[in-house]
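Read the structure below first, then the notes.
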Amino acid sequence: MTNLMTRMGLAALFAGAAAMASPASAADTIKIGSSLAITGPASFLGDPEAKTLELYVKKINEAGGVNGKQLELVVYDDGANANNARTFATRLVEDDGIVAMIGGSSTGATMAMIPVFEDAGIPFISLAGAVVIVDPVKPFVFKTPHTDKMACEKIFEDMKAKGIAKVGMISGTGGFGKSMHGQCLGVAGNYGIEIVADETYGPKDSDMTPQLTNIKSAPGLQAVVNPGFGQGPAIVTRNFKQLGFDVPLYQSHGVASKSFIELAGDAAEGVRLPASALLVAEKLPDDDPQKAVVTSYKAAYEEATGQPVSTFGGHAYDGLMMLVEAMQRAGSEDPQAIRDELEKTSGFMGTAGVVNMSPSDHLGLDLTAFRMLEIRDGDWVLAD
Amino acid sequence: MRALLAHRLAAPVAIALIVVALAFILPSNFYLRVAALVWISALAVIGLNLLMGFAGQVSLGHAGFFGLGAYAVAVLPAQFSLHPLLALLAGALVCGLIAFVVGRPILRLKGHYLAVATLGFGILIAMAIANESWLTGGPDGMPVSRLTLFGWRVRGASTWYWITGALLVLGAWLAVNLVASPTGRALRALHDSEVAARVAGVDVAHYKLIVFVISAVYASVAGSALALVNGFVTPDSANFIHSIELVTMVVLGGMGSVFGSLVGAAILVVLPQVLTTFHDYEHLLLGLMMMVIMIVLRSGIVPSLAALIRRTRP
Amino acid sequence: MPDFLQFCVSGLTVGAVYALVALGFTIIYNASDVVNFAQGEFVMIGGMTTVFITAAGVPLHFAIPAAILAAMVIGLLLHRLAIEPARGASAVTLIIITIGASIFLRGGAQIVFDKQFHSLPAFSGDTPVMIGGAAVLPQSFWVLGGAAVIVALLWFFFNRTLLGKAVLATAANRLAARLVGINTSFVVGFSFVLSAAIGAIAGILVAPITLTSYDIGALLALKGFAAAMLGGMGNPLGAIVGGLAVGLLEALGAGYISSTYKDAIAFIVILAVLFVLPGGFFGRASTERV
């Protein structure tokens, strides 16, 4: 009977194993892997990222592929759970046999996957925000989005120019908000900014008026900054209007999608934030070098998905295109060769800005890649 | 054969055979990793099953202990240069102590009140881990230094497969011995009827507390093992969803069945990997299968199937 | 003082939703001993269905009944297809079935709807009303008033109608209820439908304030469950008091103590209350059913 039970257990695991095994891949395709937060608390990142990758892999293949071979994309949904991401990373490397990796929507998932790709020697382009991903530099790890530190610097730069010195902060306690909060505290002094109130809210909180009430009564308050992403900032913005603040509200690049304006409604009027040029694609002057890239991505994404473009999907676009160019330059699909060429990326024009990588910089964006935007009449405009 | 099944050591021996057999069958490091995750979850589930299946007490906060164990091997070596193995033991000790201290007041509660108290307790631990970034790295987690044993760096999926597999067999063996001990008999009496047990002279509160402490230690060791295997920890390991997952594994596999703990863990760990082929329908199918299994095999997979086999072959 | 009022308004608004979820838990629990962890999913279905029906061009006052009806149908299906077939299973097995149901419904919602957050327009505009220095959204009155109306209707239903009394009789003693000719299976199914409707109404009322998405249910189930236990499981009045208390604790905790640990404050108070009153505020010593 013990044997029977053992056999049953084995049979169950085998059935699982058989179903897990992916079909043998032909030698003339290039496998690219991805693990994204397609569902779960960070799905507003992973969803557009996955759609973008699928859309552009299809487009690239229709145009003849890369180095004469077709791309094959393997995407898993890690739900922003680090342990799941780690398992999928192992699966992509060991089982799917990928040559390069794009993804990791959240910083936690990215950090958990890094050892897998470092050990396997496979280039990994992360789509997550925090600066710890590329600082210190790891040989095989790159990332495309601006860092949270840059967002803080851009916001404080704008404040300084307006003579704002006393600032209240209300931060999400999720990975993004927490990390950016720390970075902002770190660089505030460089811009003569004093944090006069410091409140937080949970990732799923539905009302932030208590926190904002406290911030409002902080003496000498001149502006409020809200590092966070997801629905939280939209609720903060609504509560901000409800309580009748008379100071400006700064959001982060974490709200850079049209859905923020829809969710926050009228309350979004006048909100300022640092973001990439993608959001104001049509409003860019014709001589802007980024205009061609952002308008074509925006048009393609919105036509394919019927949803408004977000900068998050743009990060996936940048990662994929950089990878494709690196493979073309290398003329091969050897992971080491791809990595070497990725590191040499220079003058790449992406949706996030101009990328110039180097052995000491695996991000390659500078502050000029950020534009200061303001919301007016329910749309993004370039702030002066 | 029935005698064999009924033998005290049937479950640990069966588990050991599975661990050894699968090692020769699984084709790649990915499968070895998934198997190692199953062993780790099963270890925590055996501990929780002692509490739920034998003592009849629910805990919706066991991921809290799991998370403490995971963070013990992350924080202690980083902050105090403690050897990871000592950190694992320290984590287990701390969890045992916490369980001992909070156990007495919490276990006075009954049924759903106990559930909500353990739930709240688990959430407090998870919140502390997620918010005290200076110590834990916050919501994005922190790296765990690699385990070195006698100058040898433990790494690689197959190494971890064997280590976690051995841990699981050890955990299963200790569990069946506990169940067969006088403590275990007292526990079962407690599960059947707390009043009757009390009348029969069983110090109910005492035994409940013992098993609560033991189950906390199981969860802590499992958490430490996961952190060491991953080389990275995040607060996900301590959160409410994970607590629910552990309880679900216990009930799916079968309450009061050590072997069922492995089956329950295997299903919830392996199934999502299988369901990835269904993309958007993944969660829909996972929920559907949970419902169908529980409706058809309402005592849990292992006890229900065992009863079925007993009935068909008298 | 204006700060205190502002905190209270916030706490009561959110707490009213917890209270309605807790009420849903209580109704189903009383009729069937099932702790329905899919209760939060009804809130989601109410909000999301209204959003998507109005997006299709249907006016709000038609969309709302349609969404409530949708939730009621799903509540009925949940009972007929998942709970009824498992009749007689242990309490914990039934709980796992409802957890499976909540994963299933969430998985379904992400396909039928989408994974974005959505909002509904406020029923009476967004201009805050100033009360004693506190800015109150008109929608808060809708939430609080809606919750009050639901409670009043339920009171009338349970005390003044035959069906309501049948539900109460079933809750008190199922065997006795069956002996006097009450169709207890129908009563249990009815309690699922009623809970689904209450959850859906809560989800619709609060969507203009707190927004809605396919995965808001799990957190609401958690808070609603905690609220129901704080009040005393099985007691409708306890559910209301428990829900409002949890909401107020969170808001006052965030306002006066620490916004980082506001959820912790709520749970610490719940733990403290349960240590003193192991049956919650209004719990009866004899309600243990596990």
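Sequence lines set the chain letters: A, B, ... in the order given, protein chains first and strands last, and positions in each chain run from 1.
Ranked by heavy-atom pairs under 4.5 Å with chain C, the list A/G202, A/G40, A/S206 is led by A/S206. Chosen from A/P210, A/G265, A/S171, the residue pairing most often with chain C at heavy-atom distances under 4.5 Å is A/P210. Between chain A and the options C/P128, C/S10, C/A134, the largest number of non-hydrogen pairs under 4.5 Å is found for C/S10. Of all the listed residues (A/D266, A/T209, A/L263), the one sharing the greatest number of non-hydrogen pairs under 4.5 Å with chain C is A/L263.
Using a 4.5 Å cut-off between heavy atoms, C/L137 touches chain A through backbone and side chain atoms alike. With a 4.5 Å cut-off on non-hydrogen atoms, A/L212 does not touch chain C at all. For chain C, no part of A/S257 is nearby; none of its heavy atoms comes within less than 4.5 Å. Heavy atoms closer than 4.5 Å to chain C are found in both the backbone and the side chain of A/Q242. When heavy atoms are compared at a cutoff of 4.5 Å, C/V136 approaches chain A solely by way of its backbone atoms N, CA, C and O.
Between A/D205 and C/K262 there is a salt bridge, since at least one side-chain N of the basic residue sits less than 4.0 Å from a carboxylate O of the acidic one. With respect to the salt-bridge test (charged N to carboxylate O, under 4.0 angstrom), the residues A/K241 and C/D126 do not qualify. Between A/R376 and A/E269 no salt bridge is recorded (no basic side-chain N to carboxylate O distance below 4.0 Å).
You'll find the ring centres of C/F52 and C/H118 inside the 6.0 Å limit. Taking the six-membered ring for Trp and the full ring otherwise, the centers of C/F123 and C/H61 sit at least 6.0 Å from each other. The aromatic ring centroids of A/Y297 and A/Y317 lie less than 6.0 Å from each other.
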### A/N214 and C/F7: CA distance, side-chain angles, deciding distance, side chain to side chain contact (heavy atoms under 4.5 Å, CB included) verdict
CA-CA 10 Å; A/N214 284 344; C/F7 299 155; 3.5 Å; yes

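Remark: side-chain polar atoms of A/T52 are paired, donor with acceptor, to backbone N or O of A/P48 under 3.5 angstrom.
Residues from residues 230-239 of chain A that place a non-hydrogen atom less than 4.5 Å from a non-hydrogen atom of chain C comprise A/Q231, A/A234, A/I235, A/R238, given in numerical order.
For residues 197-217 of chain A, the set of pairs meeting the ring-ring contact (aromatic ring centres under 6.0 Å, His included) definition, not counting sequence neighbours, is empty.
Using a 4.5 Å heavy-atom cutoff, the side chains of C/Q39 and C/V43 are not in contact.
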